[in-house]
Protein chains: 2
Amino acid sequence: MNLQLAKERFTQYLKSGNYRITPERFVILDSVMQTDGHFDADELFSQMKTGGQKVSRATVYNTLDLLQDCGLISKYRFGENHSRYEKAFGRPHHHHLICLECGDIIEFVSEKIEKVEREVCTSNSFKAQTTTLQIFGTCARCQKDE
Amino acid sequence: MNLQLAKERFTQYLKSGNYRITPERFVILDSVMQTDGHFDADELFSQMKTGGQKVSRATVYNTLDLLQDCGLISKYRFGENHSRYEKAFGRPHHHHLICLECGDIIEFVSEKIEKVEREVCTSNSFKAQTTTLQIFGTCARCQKDE
DNA sequence: CTCGGTGCAAATGCTTTGCAATGTC
DNA sequence: GACATTGCAAAGCATTTGCACCGAG
């Protein structure tokens, strides 16, 4: 949907940082934009491999970092031993409820939390870049199953 | 300070879970309670080694998990490639501002955030176990240095 | 033509595991 | 005694790195 805008933003970012415009980087951006929900580096790598696109794992990791830097994706660590990502472009800032039983992830938005975050940063003269709020526990479905 | 109470709690937890009361587990608890601030598994391991206590790394990891399960310590992932822990016993629930430049970590407490968390959990019928709010950015000192 | 980027495979570093020995219950 | 726990070293796994080749600027 916003693929075109995302491409423009990435191009801008690459140019302004004196990074090169390589086909691999845009193949990865395409793949990311086609993905809904959370994904990890290896899922993306496999997905591209299956789709006939050939980029090395190293390039995937490298590019995901760039995409995070320019705000097109967010990077999370949901208590697992690997990082997960999701599109951030054009999406409101949100947080996560993570079910420890089934791994399901529920998103929520809270203006109150954003406000407290701003207050905390101001009173500590801290310049925020990204914030993550994660609530680990048991989802409604898993509570019934117990 | 609360060492005695912590030991009692750990003992209770071990007994109720049919885990064995081993000296190693309590050597590790001692070491944890002596530590202020955040620490990682390897720091704890080295600290005990230096102190003449001999426990294997595997046992350290195993025991840290148990201590987390019974609420004596908290486990975090501050964007690094390893987990960090801190005493949780008798401490109010708090969150972290993490400086991406110098790695400094500032703690803060917010009743408002706790309240929103409770509301979100209720409206999603979600049973919370632990929550983490992390704000990554640049601390006051590092902003000046730029 | 220069030097950043890529692919590959090997390396890294945290954490877990396999297995024999040990010690709790 | 039975079997969970330990120690050690080896294995796992996500991510990074070294290096030769490639291609964007």
Side-chain angles (χ1 to χ4, degrees), chain A residues 7 10-32 38-70 73 75-86 103, chain B residues 7 10-32 38-49 51-70 73 75-85 103:
Chain A
K7 279 184 183 171
F10 195 30
T11 306
Q12 273 311 310
Y13 169 78
L14 292 174
K15 281 187 179 164
S16 69
N18 270 28
Y19 295 111
R20 296 193 174 162
I21 312 284
T22 69
E24 289 83 359
R25 288 179 172 161
F26 285 84
V27 165
I28 293 169
L29 175 58
D30 275 1
S31 203
V32 164
H38 301 96
F39 58 91
D40 61 34
D42 210 59
E43 279 166 21
L44 198 68
F45 174 74
S46 305
Q47 177 187 308
M48 294 197 303
K49 198 168 199 173
T50 308
Q53 309 279 16
K54 40 198 172 319
V55 250
S56 74
R57 226 178 289 264
T59 302
V60 170
Y61 279 104
N62 167 41
T63 304
L64 286 174
D65 277 349
L66 294 173
L67 289 172
Q68 190 200 2
D69 279 353
C70 70
I73 62 175
K75 184 176 183 176
Y76 299 102
R77 204 111 195 193
F78 293 127
E80 306 151 312
N81 52 344
H82 63 280
S83 299
R84 321 208 91 225
Y85 305 82
E86 71 176 335
Chain B
K7 279 185 182 171
F10 195 32
T11 306
Q12 273 311 310
Y13 169 79
L14 292 174
K15 281 189 179 165
S16 70
N18 270 29
Y19 294 112
R20 296 195 173 160
I21 311 284
T22 70
E24 288 83 0
R25 287 178 172 162
F26 284 84
V27 164
I28 293 168
L29 175 57
D30 275 1
S31 202
V32 165
H38 301 97
F39 58 92
D40 62 34
D42 210 59
E43 280 166 18
L44 198 68
F45 175 74
S46 306
Q47 176 187 308
M48 294 197 301
K49 198 168 199 173
Q53 309 279 16
K54 40 196 172 317
V55 250
S56 74
R57 228 178 289 263
T59 304
V60 170
Y61 279 103
N62 167 40
T63 304
L64 286 174
D65 277 350
L66 294 173
L67 289 172
Q68 189 200 4
D69 278 353
C70 70
I73 62 176
K75 184 177 183 175
Y76 299 102
R77 205 110 192 192
F78 293 127
E80 307 150 312
N81 53 345
H82 63 281
S83 299
R84 320 207 92 225
Y85 305 83

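Each chain gets a letter, A, B and so on, in the order the sequences are listed, and its residues count up from 1. Atom set for the values below is all heavy atoms of this structure, side chains included, hydrogens, waters and symmetry mates excluded.
Summarising the geometry, the separation between NE2 on A:H82 and P on C:dT16 is reported as 15 Å, rounded to the nearest angstrom. Atom-to-atom, CG of A:D65 to C1' of D:dT17 comes out at 14 Å; the value is rounded to the nearest Å. Distance B:L64 CG to C:dT16 P: 10 Å, rounded to the nearest Å. The separation between B:D42 atom CG and C:dT15 atom P is 9 Å, rounded to whole Å. Nucleotide D:dT17 holds its C1' atom 14 Å from the CG atom of B:N81, rounded to whole Å. Taking atom CG of B:L14 as the reference point, atom P of D:dT5 lies 9 Å away to the nearest angstrom. Put simply, CG on A:D40 is 14 Å from P on D:dC13, counting in whole angstrom units. A straight line from CZ of A:F78 to C1' of D:dA14 spans 17 Å, rounded to a whole angstrom.
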A:Y85 and A:Y76: ring pair (Phe, Tyr, Trp, His ring centres under 6.0 Å), yes or no, with the steps? CA-CA 6 Å; A:Y85 305 82; A:Y76 299 102; 8.9 Å; no

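Backbone-only contact: A:N62 has heavy atoms under 4.0 Å from sugar-phosphate atoms and none from a base.
Here the straight-line distance linking atom CD of A:Q68 with atom CG of A:D65 works out to 6.5 Å at 0.5 Å rounding.
Judged by closest nucleotide on DNA chain D, B:N18 is the one of B:N18 and B:A58 placed further toward the 5' end.
Ranking C:dG23, D:dT6, D:dT15 by closeness to the A:Y61 side chain, first place goes to D:dT15. Nearest nucleotide to the A:R20 side chain, out of C:dC25, D:dG23, D:dA14: D:dG23. Of all nucleotides listed (C:dT24, C:dT6, D:dG25), C:dT24 comes nearest to the side chain of B:P23.
Side-chain contact between B:L64 and B:F39: present, with at least one pair of heavy atoms (C-beta onward) separated by less than 4.5 Å.
The side chain of A:T59 contributes an N or O atom lying less than 4.0 Å from OP1 or OP2 of C:dG7. The shortest distance between the side-chain N/O atoms of A:S83 and the OP1/OP2 oxygens of D:dA14 is not below 4.0 Å. Between A:T22 and C:dT6 there is a side-chain N or O to OP1 or OP2 distance below 4.0 Å. Taking side-chain N and O atoms only, B:R25 has a distance below 4.0 Å to OP1 or OP2 of D:dT6. Residue B:R57 places none of its side-chain N or O atoms closer than 4.0 Å to OP1 or OP2 of C:dT15.
A salt bridge links A:E43 to A:R84: one of the charged nitrogens lies within less than 4.0 Å of a carboxylate oxygen.
Side chains of A:Q47 and A:S31: a donor on one and an acceptor on the other come within 3.5 Å.
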